[in-house]
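Numbered from 1 within each chain, the chains take letters A, B, ... in sequence-line order.
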2 protein chains.
Amino acid sequence: MGKKTTIYDIAEKLNITAATVSRALNGNSKISEKTRKLVNDTAKEMNYEQNKLALALKSGKSFNVGVIVPRIDTNFFASVIRGIEDELHPNGYHVIICQTHDQENLEIENINSLLNAQVDGILMSISNSKLETNQHFQKLLKKGVPLIFFDRKKDIAGVSSVTIDDFKGAYEATQHLIDQGCKRIAHYSSNRDILIFKNRYLGYKQAIIDNGLEFDETLVIETISKIIEGRKITKQLLAMKNPPDAIFSVSDFTALGAIEEIKAHGLKIPEDISVVGFSNEPFTRFMELSISSVDQSPIEMGRISAQVFLEEANNSKKIKSEKQVVLSPELIIRDSSLKSKVLVDN
Amino acid sequence: MGKKTTIYDIAEKLNITAATVSRALNGNSKISEKTRKLVNDTAKEMNYEQNKLALALKSGKSFNVGVIVPRIDTNFFASVIRGIEDELHPNGYHVIICQTHDQENLEIENINSLLNAQVDGILMSISNSKLETNQHFQKLLKKGVPLIFFDRKKDIAGVSSVTIDDFKGAYEATQHLIDQGCKRIAHYSSNRDILIFKNRYLGYKQAIIDNGLEFDETLVIETISKIIEGRKITKQLLAMKNPPDAIFSVSDFTALGAIEEIKAHGLKIPEDISVVGFSNEPFTRFMELSISSVDQSPIEMGRISAQVFLEEANNSKKIKSEKQVVLSPELIIRDSSLKSKVLVDN
DNA sequence: CTGTTAGCGCGTTCAC
DNA sequence: GTGAACGCGCTAACAG
């Protein structure tokens, strides 16, 4: 059945050679207007369609890019991917999705697999695992395949990245809590080998210090981004003899867990304890007690990552100019941290 | 720099032929254990990696499948894609993502584009547009490329599909509202050219009729899945002289809009008006006033879609046996429709 | 067991 | 302007 028609088929029908067909189809200048039209017409007639695979093999460009994320079914990553696809599609690229489930072995496997598939570049957020191997990244660089980190990055020479200013986002969130009168602010952190979490920690710490408050390391807790974990550590925190009056979390999910636990203890938010999360996941807005959070403009982040890739792809020969794009975070103040309603202007 | 090493490179180094290398690498039975080991070792040594593109051109299998969705940054579609990727990755397939933004021209373009990329199959949810062309689907069938619809499907001979029993989901949701004592139940519908919306409408209608309630067509409103649209139509509904006492919406987003609008009018949920949505988006659970909804088990739907594809891909020669998988929906009862707290068992 | 040849579909030299 | 020949990297068919 559906045998695909090639340029040879149409060449044969027209008693010309495949090369001529190829030239006509690609708008080569030195071809007679007559045969060009003839070729184009019969091509359409025979439902000819270019086999991009053959083109890719020949040219070395597959027009596929790989996108590697921990998982796709979270609003942040799905939105970044949306941005990437929106930007790359008009440029003729396809987006191949891979998930690491935060396992480094899968991260390595995915990179190899994409490499074998001859992708023209890889855009990724690194997995949250403690291993310290950069070999798989170096391999990409050696092969000259553009690599762009978004959000979760490592500092590697020659690798571009697109992130938000996590330090600033954390600093502003913490400052906001301090402005609301909070004095003992806990910080729910995560694996600080990953720069975004390290920077959020540093921003938090700096704001505490700049405001002359006491920095208490016991209020910094490392956890993973799950509601249940948020509940767990909050329960522990509330059992302290001197519990915090605010929580700044690097994750909206742990922030949500915190809120659930705080309520379960009969405490009031934000009066007794204020809460600010990070990522501006959709649910933070929809909740009756909406959660303050730091927006990372994920779609924008995706678009820009794609643009950085396109630049590198087009400058292939030139010096590998690593580019570090830093977007500005936006603190969204909502019910969970707004004690004085007077301040609201919207 | 990073020139990729081919089987010719390693053949040259070993003074054998490329074919032998290929055989050795692929575990061909008739090859001496000695040269096999030799080849494998030097392959590793030279960092050889198979070029899947050449393989694809030769074999006609790209080990890429296309997934087309209206948009990726919604929990439902992201979760389906997660399920697809989880299932296809271990089988060596890559997943290429395309978005239609609910525009049929983009749907057609994406199919053509994926076809040119020689994908081994396409899994998709059709776009919500009113056009009636099936040509692009027929084209796939003619070319023998497996096509699988998930969720938003059309009935086309030869095309498999994976959906939930939308009729049942809608029927149960409506029955639940009736059980709660509701008598005038509005239905927020959508483009009923798409079967899932048609079937939800039919399930709703049947439940009304089976319970001997009056079926009022003016309570059926067609809209699109946006919060703001939910607010709009709810405002109109509340202005009726005989407003409804319940709303069953095919979308969680319009359900959310409805809730916002109902509250803005000072009415109580679920006492004055009960609300049930559809899809079980995450925010429905997290809200203080949680929203009842019908779960579609999207990850499972993705996994099964992938399995159906795998079956078809492996039975390529046999009769095109279209397979219609129908999953069972699950009604999740939450605050927005539960008047009698006594009934709660969880 | 291994070498030779050929072809997947395309674009691109180099001639004419 | 167009044809002939070649190569991208790989595997399968046919030798031997």
Side-chain angles (χ1 to χ4, degrees), chain A residues 2-40 42-43 46-64 92 115-120 143-144, chain B residues 2-40 42-43 46-64 92 113 115-120 143-144 316:
Chain A
K3 206 72 198 74
K4 287 142 189 167
T5 86
T6 75
I7 53 173
Y8 283 94
D9 299 328
I10 127 163
E12 190 178 8
K13 181 160 187 176
L14 261 45
N15 276 325
I16 56 178
T17 195
T20 309
V21 176
S22 170
R23 282 187 276 247
L25 256 24
N26 292 314
N28 189 309
S29 56
K30 31 193 169 174
I31 206 99
S32 80
E33 193 52 47
K34 181 179 143 199
T35 58
R36 183 197 312 288
K37 181 156 170 45
L38 198 58
V39 167
N40 280 318
T42 60
M46 297 177 74
N47 292 317
Y48 168 76
E49 280 172 8
Q50 192 187 45
N51 183 334
K52 302 271 185 192
L53 232 48
L55 181 57
L57 178 60
K58 176 106 184 102
S59 68
K61 280 196 72 173
S62 67
F63 275 97
N64 283 151
L115 229 32
N116 294 162
Q118 312 297 119
V119 292
D120 296 340
K143 299 217 175 192
Chain B
K3 205 73 198 71
K4 288 142 189 168
T5 86
T6 74
I7 53 174
Y8 282 94
D9 298 329
I10 126 162
E12 190 179 9
K13 182 161 188 177
L14 261 46
N15 275 325
I16 55 177
T17 195
T20 310
V21 176
S22 170
R23 283 187 276 247
L25 257 25
N26 292 314
N28 190 312
S29 56
K30 29 194 170 175
I31 206 101
S32 79
E33 193 53 45
K34 182 178 140 198
T35 59
R36 183 198 310 288
K37 181 157 171 45
L38 197 59
V39 167
N40 280 319
T42 59
M46 298 178 76
N47 292 317
Y48 167 77
E49 281 174 4
Q50 192 186 43
N51 183 334
K52 300 272 186 190
L53 233 49
L55 182 57
L57 179 59
K58 174 90 181 133
S59 68
K61 279 197 72 174
S62 67
F63 275 96
N64 284 151
S113 167
L115 230 30
N116 294 161
Q118 311 298 120
V119 293
D120 296 340
K143 299 216 174 192
S316 56

Q) Heavy atoms under 4.0 Å, any strand shown: does I31(A) hit a base, just sugar-phosphate, or nothing? A) sugar-phosphate
Phosphate-side-chain proximity, Q50(A) and dG11(C), N/O vs OP1/OP2 below 4.0 Å: yes
With distance as the sole criterion, is a donor-acceptor pair present between the side chains of E49(A) and N116(B) under 3.5 Å?
-> yes
* **Steps toward side-chain contact (heavy atoms from CB on, under 4.5 Å) verdict (D120(A), N64(A))** => CA-CA 6 Å; D120(A) 296 340; N64(A) 283 151; 5.9 Å; no
Examine dC8(C): is either OP1 or OP2 under 4.0 Å from a nitrogen or oxygen in the side chain of N51(A)? Give yes or no.
no
**Prompt:** Under 4.0 Å: is that the gap between some side-chain N or O of Y48(B) and OP1 or OP2 of dC10(D)?
**Reply:** yes
To the nearest 10 degrees, the angle between the two end axes of the helix from dC1(C)-dG16(D) to dC16(C)-dG1(D) (five pairs per end) comes to 50°
inquiry  = Can you see if the side chain of S22(A) gets near the phosphate of dG9(C) - specifically, an N or O under 4.0 Å from OP1 or OP2?
reply    = no
_Within-4.5 Å side-chain heavy-atom neighbours: L14(B) and V21(B)_ = no
Exercise. Can you check whether T17(B) has a side-chain N or O nearer than 4.0 Å to OP1 or OP2 of dT2(C)?
Worked result: no
Closest of dG7(C), dT2(C), dT2(D) to the T20(B) side chain is dT2(C)
Side-chain H-bond candidate by donor/acceptor type, S32(B) with T35(B), under 3.5 Å
yes
Under 4.0 Å between any heavy atoms, over every strand shown, what does I16(B) touch: base, sugar-phosphate, or nothing? Just pick one. sugar-phosphate
